[in-house]
Amino acid sequence: MFQNQWQQTTTHTSAHLAQTMTLLSLTAAELQQKIDSELANNPALELVEERRCPMCKRLLPPFGPCPICSQPKSENSDDPIVFISPREDFYTGTGTGISEVPDEPYASEMIDLPTYVLKQAAADLKVEDRLIAAYILNHLDEDGFLTITPIEVARYHHRLPSEIQEIIELLKRCDPVGVCSAHPAEAMLAQVESLAENIEIPAFTREVIKDYLPKVSQHHFSDIARALKSSTQQIQNVANFISENLNPFPARAHWGDVRNPNASGSEAFHQPDVLIYYLNDNPANPLVVEIILPVRGTLKVNQLFKDALKSVEEEHAVEWKEDIEKASLLIKCIQQRSNAMKLLLEQLVVLQKDYIISGDKKMVPLTRAKIAEELGLHESTISRAVSGKTIQLPNKKIVPMAVFFDRSLSLRTVIKEMIEHENTPLSDSEIKEKLEEEGVSIARRTVAKYRSMEGILPAHLRSNSKS
DNA sequence: CTATGGCACGGATT
DNA sequence: AATCCGTGCCATAG
């Protein structure tokens, strides 16, 4: 009986399928937004109480027992535990998630970047300028850069470009410092100015940022020194300062090995969709894979509402019925999304286990198509499920899920290590040969490409001067 | 002449 | 159909 009704809703193909697709491609944070708005607009949708595991106090998934406590004690520890978890609140990126209070709960007021910046700037803006500021903030890309030019804004609002520029300058000083810049260099300059108020800035820093950023990333220090009539050592200092204190992408959570102390505010915008960690953070324990479901408690169709449907006049009945349909559809779709994510992660974690445990080098080349085949799902499903999502690894790094499908990552790290351990600088073709001895066949040109991807400068400029 | 970076083409992936 | 990636060829720098 219940089953039947369920089935009917699911097999209602077109619209439902479409919605599942859409939901699948949403990240945890986006999904939460969606659910919140649905909850507010649809009276038939109800959020019932959260359940906690009596043992570990962790929030329980919508159905079933606690995934962790219910694990049989002596289990084949090779099998990672994969499960869907309600969000325990937003994580800071360091916690295990188990009975731990988040340090920085952003969730209570999850505001988006534009709002966040506007709040800070509002006080310093003239009333008539706020609208413009809001307009500008709404035209930022995910890194916090402008997608429009000041000229365009000026035309649109019938103001002088200089006035617009003033507003932008103001916005640049707000929390993710450098937001609203046109490119990384500009953002970094803004950060320099802001830092200059408190600490000393190495000489030439501004000049280097302005004109030689690409060279810095390639470690072409001597070139820059020559051009600026400075010393290589001095430029090296500047480069260190830059990498330690500046963030080229103010609004982006910095993943990978870019460390950045002054990024307090920006990190909160990228919550991982999946957490992978050792149970209780002990590497001896099995891996736990936790898929964040941004809902506390259980979502369901309000039973009272359903009952009330029978005793209501005709005109409303239609409308109400629609609401109920919509609600149950949404729930169904969310379940499907969760299910797909779970299937995907189960495969992914098993296949890439070495990578998760021991790092980039062990990455297995993998394509979305292969996974799709394994799972019997369509490639596009996998694509959607992967795109935009991020995963937190046991080592606390947050990486895009797409790296699990990066065919070259493992080779790149091998090359990187090879160069790190080299005595005499190896040329690209020498590296190619070495790799071939290890059974890897790859073109010389490709070595060069990987090398530059890793920001390693060419052999002849890599004379053994260790800093 | 050797080592690299740029451009662009073709096949694989999404 | 659109994009990404590995490569080959060629120009350039040293």
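Proteins get letters first, then strands, A, B, ... in listed order; numbering begins at 1 in each.
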Check the distance between [N]'s [atom2] and [X]'s [atom1] and give it to me in whole angstrom.
| X | N | atom1 | atom2 | answer |
| --- | --- | --- | --- | --- |
| A:Ile415 | B:dT4 | CD1 | P | 12 Å |
| A:Arg451 | C:dC5 | CZ | P | 18 Å |
| A:Ile442 | C:dT7 | CD1 | P | 6 Å |
| A:Leu457 | B:dA3 | CG | P | 16 Å |
| A:Lys432 | B:dT4 | NZ | P | 14 Å |
| A:Arg412 | C:dG6 | CZ | C1' | 13 Å |
| A:Asp406 | C:dT3 | CG | P | 19 Å |
| A:Asp428 | C:dG8 | CG | P | 14 Å |

Under 3.5 Å, which protein N or O atoms sit close to an N or O of nucleotides 6-9 of chain B? Give each pair with its distance.
residue : atom : partner  : partner atom : Å
B:dG6   : N7   : A:Arg445 : NH2          : 2.6
B:dG6   : O6   : A:Arg445 : NE           : 2.5

Could you list the residues that satisfy ring-ring contact (aromatic ring centres under 6.0 Å, His included) with A:Tyr355, not counting sequence neighbours? A:Phe404

List for me each residue that meets ring-ring contact (aromatic ring centres under 6.0 Å, His included) alongside A:Tyr156, sequence neighbours excluded, and say none if there are none. A:Tyr135

Indicate, with a heavy-atom threshold strictly under 4.0 Å, whether A:Ser452 touches base, sugar-phosphate, or nothing. nothing

Anything under 3.5 Å between a protein N or O and an N or O of nucleotides 12-14 of chain B, put it in a table, one pair a line.
residue : atom : partner  : partner atom : Å
B:dT14  : OP1  : A:Arg368 : NH1          : 2.7
B:dT14  : OP2  : A:Arg368 : N            : 3.3
B:dT14  : O3'  : A:Ser383 : OG           : 2.9

Mind checking what makes salt bridge (Lys or Arg N to Asp or Glu O under 4.0 Å) contact with [X], not counting sequence neighbours?
| X | result |
| --- | --- |
| A:Glu373 | none |
| A:Arg412 | A:Asp406, A:Glu454 |
| A:Asp323 | none |
| A:Glu186 | A:Lys172 |

Using side-chain contact (heavy atoms from CB on, under 4.5 Å) as the criterion, list what pairs up with [X], not counting sequence neighbours.
| X | result |
| --- | --- |
| A:Pro365 | A:Arg407 |
| A:Val414 | A:Lys361, A:Met418, A:Leu435 |
| A:Gln347 | A:Leu351, A:Ile371, A:Glu374, A:Leu375 |

Identify each atom pair where a protein N or O and an N or O of nucleotides 11-14 of chain C are less than 3.5 Å apart, giving names and distance.
none

side-chain N/O A:Tyr450 vs C:dC5 OP1/OP2, d < 4.0 Å: no

Any chance the side chains of A:Glu290 and A:Tyr277 put a donor and an acceptor closer than 3.5 Å? yes

Kindly say whether A:Thr413 contributes a backbone atom to a donor-acceptor pair with the side chain of A:Asp360 at under 3.5 angstrom? no

